[in-house]
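What follows is a short report on a single structure.
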Amino acid sequence: MAVAELTKEPSRMAHPYDETPQPAAAAPAPVEAAAEAAPASTPTVIVDDLHIVYRVYGAASAAEKGNAANALLRILRRQGRPQMKEVHAIKGVSFVAHHGDAIGVIGRNGSGKSTLLRAIAGLLPPHKGAVYTDGQPSLLGVNAALMRELTGERNVVLGCYAMGMTPAQVREKYDEIVEFSGIGEFVQFPMSTYSSGMGARLRFAIASAKAHDVLLIDEALATGDRDFKRKSQERIQQMRKEAGTVFLVAHNLDVIEETCNRVIWLHKGKIKMDGDPATVLAAYNS
Ligand SMILES: Nc1ncnc2c1ncn2[C@@H]1O[C@H](COP(=O)(O)OP(=O)(O)OP(=O)(O)O)[C@@H](O)[C@H]1O
């Protein structure tokens with residue numbers, strides 16, 4: 001497939017420091033659409049010299065930090081024009097991902113992993129460069145937008161609709177989702193009563209009930225128990241076979257090693273290494 005045939009993402013992107021929830025993107029493809037098998041070498045995501053810059057208003061400069069007097073000065077100064085600080089989170093990242101890839105993204109805290117995933121999902125506009133995707137990217141984060149005050153049941157239905165499933169498809173998948181999540185009778189309780197692990201399991205169960213063209217998973221597997229991790233890994237392998245590309249951010253390197261066929265190591269917003277898991281993880285650990 002030529003690059004020109006891929007979808008250029010920036011058109012539906014939000015402002016980087018606008019943290020309000022974004023409206024759902026144009027109706028996603030039907031459930032079966034992504035499952036049409038594509039040749040293994042088809043590019044699904046092209047990231048071309050991507051730069052992402054956050055703008056933080058009212059931030060203190062280095063000289064102003066530290067003590068109560070400075071803190072008071074900062075508060076007083078906000079009555080004037082707020083200072084603006086730029087955080088250059090991604091600095092010229094380029095790579096191509098293909099159908100069937102499961103790509104682990106690793107790096108220290110603050111290296112830009114979550115930012116990269118959000119940019120691929122179309123939630124952050126590039127400062128420079130571009131992201132091209134073939135199909136609809138879906139970001140499954142630990143903060144994926146389900147409603148805490150609603151029951152698990154309602155959230156399963158809501159989440160499925162949000163992914164573009166029809167009422168009939170929701171009915172067909174409902175039992176499987178609840179069973180996979182392993183939350184049992186808690187499905188009748190509000191999500192606010194769930195432990196973080198239970199919430200993460202339900203979110204993963206909902207998101208993985210649909211075949212995705214590009215699925216971006218940010219630490220969602222970090223809180224599950226051993227049994228759930230194994231089931232999730234099997235599900236990710238299955239998604240890769242069904243023509244998808246999976247990106248996985250995880251601090252647990254075992255999860256990356258067992259799940260991914262490629263690893264990108266980010267360091268201070270740049271790619272430090274990109275290659276097979278054994279090589280990259282060995283270098284990262286050394
Ligand atoms: N909304 C934001 N506004 C301003 N700066 C941000 C914002 N989100 C992230 N950053 C900054 O961008 C850089 C990259 O952050 P990011 O969250 O992408 O890193 P990460 O590798 O995912 O970190 P972690 O492993 O801790 O989750 C950091 O310097 C961070 O402080």
Side-chain angles (χ1 to χ4, degrees), residues 40-41 43-52 54 87-121 124 129 131 137 139-144 195-197 199-201 203-204 207-208 212 214-241 244-286:
S41 61
T44 48
V45 178
I46 298 176
V47 176
D48 180 19
D49 190 26
L50 181 68
H51 291 255
I52 299 286
Y54 291 103
V87 180
H88 200 155
I90 296 290
K91 301 171 184 160
V93 164
S94 300
F95 65 87
V96 178
H98 298 88
H99 273 288
D101 269 344
I103 301 179
V105 183
I106 62 167
R108 287 194 191 159
N109 291 127
S111 55
K113 304 179 294 293
S114 301
T115 302
L116 179 62
L117 256 56
R118 297 187 70 207
I120 295 171
L124 295 174
V131 175
L139 176 63
L140 164 70
V142 273
N143 295 317
S195 70
S196 59
R201 274 153 44 184
R203 279 188 278 272
F204 183 83
S208 64
H212 292 274
V214 178
L215 179 62
L216 307 146
I217 305 173
D218 194 348
E219 287 284 4
L221 309 185
T223 42
D225 58 23
R226 181 188 282 259
D227 193 40
F228 185 74
K229 274 188 193 131
R230 184 188 48 76
K231 280 202 302 186
S232 312
Q233 281 161 2
E234 283 168 12
R235 183 62 74 88
I236 289 173
Q237 305 294 358
Q238 185 63 32
M239 285 189 221
R240 288 174 57 195
K241 282 198 204 110
T245 302
V246 179
F247 286 85
L248 182 63
V249 167
H251 285 282
N252 182 341
L253 300 181
D254 292 343
V255 171
I256 298 267
E257 188 165 24
E258 286 160 25
T259 316
C260 301
N261 64 320
R262 177 178 167 190
V263 174
I264 291 177
W265 172 8
L266 284 181
H267 184 68
K268 295 183 178 170
K270 293 182 181 170
I271 292 185
K272 180 142 184 177
M273 210 169 171
D274 176 0
D276 70 274
T279 313
V280 179
L281 291 174
Y284 184 70
N285 286 323
S286 66

Does any N or O in the side chain of Asp48 come within less than 3.5 Å of the main-chain N or O of Gly129, such that one atom is a donor and the other an acceptor?
-> no
Classify the angle between the aromatic ring planes of Tyr284 and Trp265 as parallel (below 30°), tilted (30 to 60°) or perpendicular (above 60°).
-> perpendicular
Calculate, to the nearest 0.5 Å, the distance between atoms CE and OG1 belonging to Met273 and Thr279 respectively.
-> 6.0 Å
How long is the gap from CG on Asp49 to CD1 on Ile90, to the nearest 0.5 Å?
-> 12.0 Å
Do Lys268 side-chain atoms and Gly112 backbone N/O form a donor-acceptor pair below 3.5 Å?
-> no
Do you know which two heavy atoms are closest between Ser114 and Asp218, and how far apart they sit?
-> OG-OD2, 3.0 Å
Closest heavy-atom pair and its distance - Ala121, Leu139 = CB-CB, 3.9 Å
Check whether any side-chain heavy atom of Pro277 lies under 4.5 Å from a side-chain heavy atom of Ile256, and answer yes or no.
-> no
Worked check of side chain to side chain contact (heavy atoms under 4.5 Å, CB included) between Thr115 and Tyr54 = CA-CA 10 Å; Thr115 302; Tyr54 291 103; 2.8 Å; yes
For a side-chain contact (heavy atoms from CB on, under 4.5 Å) with Val105, tell me which candidate from Leu266, Ile217, Ile120 qualifies.
-> Leu266
How far does NE2 of His267 sit from NZ of Lys91, to the nearest 0.5 angstrom?
-> 9.0 Å
Side chain to side chain contact (heavy atoms under 4.5 Å, CB included) between Ile106 and Leu281, intermediate numbers included | CA-CA 9 Å; Ile106 62 167; Leu281 291 174; 3.8 Å; yes
Taking the side chain as C-beta and beyond, is there a heavy-atom pair between Leu116 and Phe247 under 4.5 Å?
-> no
Identify, with sequence neighbours excluded, every residue that meets side chain to side chain contact (heavy atoms under 4.5 Å, CB included) alongside Asp274.
-> Phe95, Arg262, Ile264, Ile271
Between Thr245 and Gly100, what is the shortest heavy-atom contact and its length?
-> OG1-N, 4.2 Å
Drop me the distance from Ser195's OG to Arg201's CZ, to the nearest 0.5 angstrom.
-> 7.0 Å
Inter-residue atom distance Arg230.CZ - Asp227.CG, 0.5 Å rounding = 5.0 Å
Nearest non-hydrogen partners of Pro43 and Val96, listed with the distance = CB-CG1, 3.9 Å
Result for side-chain contact (heavy atoms from CB on, under 4.5 Å) between Cys260 and one of Leu248, Ile103, Val255 points to Leu248
Rounded to the nearest 0.5 angstrom, the OG1-NE2 distance for Thr44 and His212 is 14.0 Å
